[in-house]
Novice: 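Dumping the structure here so I can ask a few things about it.
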Amino acid sequence: MAKNLVIVESPAKAKTIEKFLGSDFKVASSFGHISDLPSKDLGVNVDGDFKPKYEISKDKKTVVKNLKNLADKSDLVWLASDEDREGEAIAWHLFRLLKLDENKARRIVFNEITESAIKNAIENPRPIDYNLVDAQQARRVLDRIVGYELSPVLWKKIKSGLSAGRVQSVSVRLIVEKEREIKNFNTESLYRIDAEFKTNNNDSFKAKLDKTFKTKEEAESFLNNNKNSDFSVENLEKNPLKKTPSPPFTTSTLQQEASRKLYFSVSKTMTVAQRLYESGLITYMRTDSVNLSNFAKDSAKKHIISAFGNQYSNTKSYHTKSKGVQDAHEAIRPTNFSSFGDKILDNDQKRLYQLIWKRTIASQMSDAMLEKTNVKIKSSNYENLFIATGQIVKFDGFLKVYSEGKDNVSDEDSGILPNIQINENLVHNFINATQRFSREPFRYTEASLVKKLEDLGIGRPSTYAPTISTIQNRGYVEKGTIDGEKRNYIQLSLVNEIISENLLEEKVGSDKGKLVPTDTGIIVTDFLINHFENIMDYNFTANVEQNFDHIAEGKQEWTSMMKEFYKNFHPRVEDVHKNAERESGKRILGVHPENKREISVKLGKFGPMIQVGTVEDEEKPIFASLPPEFQIKSVTLEQALDLFSLPRELGEYNNEIVLANNGKYGPYIKYGKKFVSIPKGISPLSIQLNDALDLIKMKEQSEAPIYNYEGIDVQKGKGKFGPFIKWNNMFINVSKKYDWENLSENDIIQLIEERKKKEKEKVVHNWSNENIRVEKGKWGKFYLIKGKIRKEISKSIDVNALTLDDAKQMLENKKE
DNA sequence: CAGTGAGCGAGCTTCCGCTTGACTT
């Protein structure tokens, strides 16, 4: 057994490091945090000393047990978690839970995974930094108090199951406010003038006028003014322009570029990067640092010089400026620059790797040298000037491999100008006056939201992707589906001294794939801003981070910060609990045309709903849920009344009545006892019998058995987790190596047999009459299964000797 | 799984950051 145990956070890192250290060292991983506050209750003594109650995280029990075993057999334990707040806390929890002492434990840190860095770290251990640990405790406890005290307020005042937190609530606020900006935006139009001129050599180029016009009349009169006008070059200026490469990738910039260039979602970028990291092709992918190790800079330099030549190399260091950066890792870069990734089999992995390769290499290359030309063209008839700009590349430098994408591309790039002389006379091919509408602000995409959060110092590299999922899962935010509308605009053209008018068309107002707030998101945000302005302030995180820094520097005691915060926060929570009005976003739509009762729309316990009448009325109110295609803020009285026509009887099929209705899980068709979901885009209010029958037949077809194996039908389908076949109540995933569209008889038999074999190995007991099984799980665990009940069997019980009666007894206890 | 919404009250929900698999349909 090795004398030394090194513990790092990530297993892939452990594997790499073990190669650098000799046989005296065993390297293991903690898989991140091992200890946390309990999930069931607050877990903080808020009435006294703010002491947190820690327990070993549920999924880390075996990890801790294994580490304890290894530690007990070692002479020295090296705690090598990351060099930041969270990493220091992990080291401390390991120290506590592995029951180490000062003689046996050493804390070491390194922020690059190279042999010299690690050996250097081993030679320079330091004590655990308890100030840094306290800063982490403060961060953890603050987040817990905010999240676990605010969420129950929402359950009571708005809807059960909702959540609030320091990061997610502010993220939703950003999206809600952006939507309001767009809604309140006043679109104005003006006329822009652009022209194409011709030189003496018959070369054409484009130019813009330095003035715009408010009305069509003004634009037209300007064009008239150009008839019989002479044009000449008044001024020609050439200026050098330098472009510098962007720094290497952090998590946030990688997510943005992968979104712009590869159209990856934030979470897809992270899973693909994780694969590359596990294969040892890139460094760690959750980082806020732009720093490159000396090793990386050296090998990038060598690669650049040999591939492009000396003049392309410009080795430099980058430093991170944004708030709250902890610099525990390197920037995201290839581990080996000599591989351009052509051999990576998976296409997505290859594309992401090559993006990282280019960005990193470019960051170590020379600036690009450009020359910008500015030409001013005057008219004999008026004062205003036409301006043409051109750009030529004198030396491409880093542009040879990489240029960064832009989020909101508006102006076309200025190209190359022909040879033009000063005072040269020009003629125009055409002059256009084009109506342009001012553009409303851009909605956030996943990646641009991450950028905004990072700018505000909110959230961490490991949480950007999960935060975006959370706010969508809670129903606060969704991806837009509106395609946009057509809009006409006018273009006046002066050609050969004649003015003509054209009506052109453009599309505006699309929110496809962008983040838009739901009714719930808007109501919750307004409620929180009303009652908890402080927490919803964009600077809240920045302010508390300052306190955390003071704690880390030993200038402030962490529980005193908590007391100070809680003293103001908690009474506010109590007050809102007691006194605040229920927030439902209620809007009165009008009165019922027949019975004159009030019709309103609001957010109810189970989501948005329409209500006829009020509680005060003699007659009870009638309700209908508002389907997702409508919104509280925009639904009309007519649409609301329509909803009460459900359920609609469409006709008959196989002697059964066919109904269309809205259910808990969306619109559906019902016939007999069967249900068929109505797909998005079709309304249960307007669907006709024919379409409904088509849907029914489609469903029957997809459920039709494709094969019969051992007397049991085989069906196939596509689920949440990809294509599968179903046999004997087992879902069998069909991997990519099979052609799911055209499964052969052999494929099906093979899939079922493989699965049967796996099942057999797993099952210890099977009392099929009672539908009770005992199965083997991972880590030597055993499970008792009946229907949907799944219970872990304690290790003290001999599973093989278990009888049916024992099993029944255990299931009974479970129910209590 | 495919109607509930007042009010009553049971019993449930919830945070942010650090890490991977196991597991779902």
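Keep in mind that what you see is a predicted model, and the values were worked out from it rather than measured. Convention: sequence-line order gives letters A, B, ...; per-chain numbering from 1.
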Novice: Do A:Phe532 and A:Phe527 have ring centres separated by under 6.0 Å?
Specialist: no
Novice: Classify the ring geometry of A:Tyr277 against A:Tyr284: parallel below 30°, tilted from 30° to 60°, perpendicular beyond 60°.
Specialist: perpendicular
Novice: Would you call A:Pro38 and A:Lys53 a side-chain contact if the rule is heavy atoms closer than 4.5 Å?
Specialist: yes
Novice: side-chain hydrogen bond (donor to acceptor under 3.5 Å, both in side chains) between A:Gln546 and A:Asn543: does it pass, once the steps are laid out?
Specialist: CA-CA 5 Å; A:Gln546 276 190 357; A:Asn543 294 338; 5.6 Å; no
Novice: Is the NZ or CZ atom of A:Arg572 positioned over A:Phe569's six-membered ring, under 6.0 angstrom from the centre and within 45° of the axis?
Specialist: no
Novice: Mind calculating the distance between NZ (A:Lys670) and C1' (B:dG3) to the nearest angstrom?
Specialist: 12 Å
Novice: Specify the separation, in whole Å, of atom CD1 of A:Ile669 and atom C1' of B:dC1.
Specialist: 18 Å
Novice: My understanding is that only residues two or more places apart in sequence, or in another chain, count here; which of them pass side chain to side chain contact (heavy atoms under 4.5 Å, CB included) with A:Thr463?
Specialist: A:Arg460, A:Thr467
Novice: Just call it for A:Pro466: base, sugar-phosphate, or nothing, with non-hydrogen atoms closer than 4.0 Å on any strand.
Specialist: nothing
Novice: Can you measure A:Lys58 atom NZ to B:dA22 atom P for me and round it to whole angstrom units?
Specialist: 17 Å
Novice: Could you check whether A:Arg166 makes a cation-pi contact with A:Phe540, meaning its NZ or CZ is under 6.0 Å from the centre of the six-membered ring and within 45° of the ring axis?
Specialist: no
Novice: Let me check I have this right: for DNA chain B, each base becomes ., (, ), [, ] or |, based on Watson-Crick or G-U pairs with both distances under 3.5 Å. What is the full string?
Specialist: .........................
Novice: Would you say a side-chain N or O of A:Lys40 is under 4.0 Å from OP1 or OP2 of B:dT14?
Specialist: no
Novice: Tell whether A:Ser625 reaches the base of B:dG3 with its side chain through a donor-acceptor pair below 3.5 angstrom.
Specialist: yes
Novice: Please assess A:Arg587 against A:Asp519 for the test salt bridge (Lys or Arg N to Asp or Glu O under 4.0 Å), listing each intermediate value before the final yes or no.
Specialist: CA-CA 12 Å; A:Arg587 207 161 67 83; A:Asp519 288 321; over 6 Å; no
Novice: For the pair made of CH2 in A:Trp155 and C1' in B:dA10, what is the distance, rounded to whole Å?
Specialist: 15 Å
Novice: How long is the line joining CG of A:Leu150 and C1' of B:dT13, in whole Å?
Specialist: 15 Å
Novice: Starting from P on B:dT4, measure out to NZ on A:Lys602 and report it in whole angstrom.
Specialist: 17 Å
Novice: Would you say the side-chain atoms of A:Arg648 pair up with the backbone N or O of A:Ile687, donor to acceptor, closer than 3.5 Å?
Specialist: yes
Novice: Take atom CG of A:Leu751 and atom P of B:dT25, then tell me their distance rounded to the nearest Å.
Specialist: 19 Å
Novice: Could you write nucleotides 15-20 of chain B as a row of B, S and -, 5' to 3', where a protein heavy atom under 4.0 Å of any base atom gives B, of only sugar-phosphate atoms gives S, and otherwise -?
Specialist: BBBBBS
